[in-house]
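Residue numbers start from 1 in every chain, and the chains themselves are labelled A, B, ... in the order their sequence lines are given, proteins ahead of strands.
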There are 2 protein chains.
Amino acid sequence: MDVHSRDLRYFVAVAEERHVTRAAARLHVSQPALSKQLRALERQVGAELLHRLPHGVELTAAGEALLPHARAVLARTDDAARDVAAAARRLVVGVSTGVGRGLLPAVRSRLAVAEAPVEPQVRAVAWDDASAGLADGGSDVAVAWAPVPGRVRTLELAREPIGVALPPGHPLAGRDAVPFAALLDEPFLALPPEAGPLRASWLAEAHRRGRPARVGGEVRSMEETHEALLDGRGVVLLAIGNAPALARDGVTVVRVDDLPPCVLVLAWRADDRRPAVRAYVEACREVLAARA
Amino acid sequence: MDVHSRDLRYFVAVAEERHVTRAAARLHVSQPALSKQLRALERQVGAELLHRLPHGVELTAAGEALLPHARAVLARTDDAARDVAAAARRLVVGVSTGVGRGLLPAVRSRLAVAEAPVEPQVRAVAWDDASAGLADGGSDVAVAWAPVPGRVRTLELAREPIGVALPPGHPLAGRDAVPFAALLDEPFLALPPEAGPLRASWLAEAHRRGRPARVGGEVRSMEETHEALLDGRGVVLLAIGNAPALARDGVTVVRVDDLPPCVLVLAWRADDRRPAVRAYVEACREVLAARA
DNA sequence: CAGGTGCGATCACCTTCGGCTATGGACGTC
DNA sequence: GACGTCCATAGCCGAAGGTGATCGCACCTG
């Protein structure tokens, strides 16, 4: 049986009022419209639901049988609407380890007071996914390093110089800054080949300078990187903002002064027009403006 | 929120198939129609429910949230349909005490094997309601004495001579038959004034013969009548078929041979076109034909 | 008992919905 | 690079669902 929940609402209202005209007023429809829909409902369920009396209506046995079911269906429908709305407000924010730069809490608190509150849910993504989960749908918005692959739109969050993390006791340690050329003989810790462009960018830069870079090891998290550095398996390039996460146990970070800065962006799918996404982007933009 | 249950069925089918075209085939609708309804559903709930992928679709978080609710609503809707159908099949048969004349069980068994089985539910009605519950909606069909008041249609079940029940030791007791004139001096046990035409008919008959009848007492059940007879409060006219219920403890019943026979009918409301009612009437007609 | 009143049903009409066929565009496959 | 698959869109049509006006009926009321 197929029923429009509206017809059930109509029926319940009439059952409660025991009066078609009054129910019609309560439902903000005309009395003929309500009468017709009631007839249609009776036709659909294949039974008379109401006794029409001179001054009002009353339920038939079939009507009494329907009433509790109708109420239950309506209640469950409301539950569904609420849950779906809540799910739609939940927004997964993909971030690589620790690259939020302190923005995320500010954005969250700004979103909480909106008229349709969005609940951001931060989710760490593996380093080898340059889209931070946008591509596979794991995230709805992402904080990632430009360029973000795929059909995405972006908002620039920060622009940071590149640094290089050096193992304990490395000869360049302690320098204020080094040129990229000084690193060309070093083995590099790189992302695994699956990472694609993210891995490729500085390898290409090295290649451009006439010396194909040597990969001393592959890493996919801050901890692995730290371990590899302590092992002396190579050096690693990183945004200077990430330096504090590595600069301990003798590891030092030195600025590389002749590489273009890397750009941290908020990214979202270009075809994603959901209000929650727009709201998140907008809140982010406002937080940035307030800080400038 | 208002949703057509059909749209929920569509959504569940698509969620199960993870494929719009396949779901459309299963639902026997065209693929564009299904696509359009899915869009409409998404618009109504205010959230995207499906990720459209190159080879199929998958549920969004909102879709996952909706799915169990949708299934529950559909299940409850089916329950409602079943219960309403059952209620519509149940039919209340109003009868005065013991006037079924053995027809009702035969009618019941004939109805049980029909394609849409009707469940008759016999309900005794007070004697003072000549319509046997038809008028106040307490019954759907009734076995009653003609004429039945109200806008009803009838089917004649039996035609029985009138008899008179006499107190123990009454001078007329033991006669084979008596004329109505022989009773004109007796006090009569009558139905209460509320009974209307049922009470009025033989009072009028007496009046027609020039002697207003004297009412010796009012009765409204077989037991009260029996008690009143034993008390000697009067005599009572009745259909001869009801004689066995009173003829004990010295009470006797004698045929009155010059009154028109009374007619037992099956009655139902003239405007009642419900299938269950028609089926009951038809079954009754068939049982009568089989007995003739 | 005539006439007003309240109620649900019906009528004529208009807009929106839900279905169809045909076509388009994105993506994978051979 | 032609083809196949799949979902979306366009244009059309009948049915559904709404409206105000009106009808028919039972019930008060004077």
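Side-chain contact between A:Val265 and A:Val148 is present, with heavy atoms from C-beta onward closer than 4.5 Å.
Computed from coordinates, the A:Glu58 CD to C:dC7 C1' distance equals 15 Å when rounded to whole Å. In this structure, the CG atom of A:Leu27 is 11 Å from the P atom of D:dT19, given to the nearest Å. A:Glu17 has its CD atom 12 Å from the P atom of C:dC7, to the nearest Å. Protein atom CG of A:Leu50 is 16 Å distant from nucleotide atom P of C:dC7, rounded to whole Å. Spacing between atom CZ of B:Arg22 and atom P of D:dG4 amounts to 19 Å, rounded to whole angstrom units. Per the geometry, CD belonging to B:Glu48 stands 16 Å off P belonging to D:dC7, to the nearest Å. Between the CG atom of B:Leu38 and the C1' atom of D:dT9 there is a distance of 15 Å, rounded to whole Å. In this structure, A:Arg39 places its CZ atom 9 Å from C1' of C:dG8, rounding to the nearest Å.
For the pair B:Arg52 and D:dC6, the criterion of a side-chain N or O lying under 4.0 Å from OP1 or OP2 is not met. The phosphate of D:dC6 has neither OP1 nor OP2 within less than 4.0 Å of any side-chain N or O from B:Thr21.
Residues passing the side-chain contact (heavy atoms from CB on, under 4.5 Å) test with B:Ala23 are B:Ala13, B:Val14, B:Glu17, B:Leu34, sequence neighbours excluded. For B:Glu119, the side-chain contact (heavy atoms from CB on, under 4.5 Å) partners at least two apart in sequence or on another chain are B:Arg90. Looking at residues two or more places apart in sequence or on another chain, you find a ring pair (Phe, Tyr, Trp, His ring centres under 6.0 Å) between A:His4 and B:His4.
Legend: ring pair (Phe, Tyr, Trp, His ring centres under 6.0 Å) pairs involving residues 13-64 of chain A, not counting sequence neighbours: none detected. For residues 56-69 of chain A, the pairs satisfying side chain to side chain donor-acceptor pair (under 3.5 Å) are A:His69-B:Arg76, A:His69-B:Asp83, with sequence neighbours left out.
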What does nucleotides 14-30 of chain C look like as a protein-contact string, B for base, S for sugar-phosphate only, - for none, at under 4.0 angstrom between heavy atoms? ----BBSBB----S---
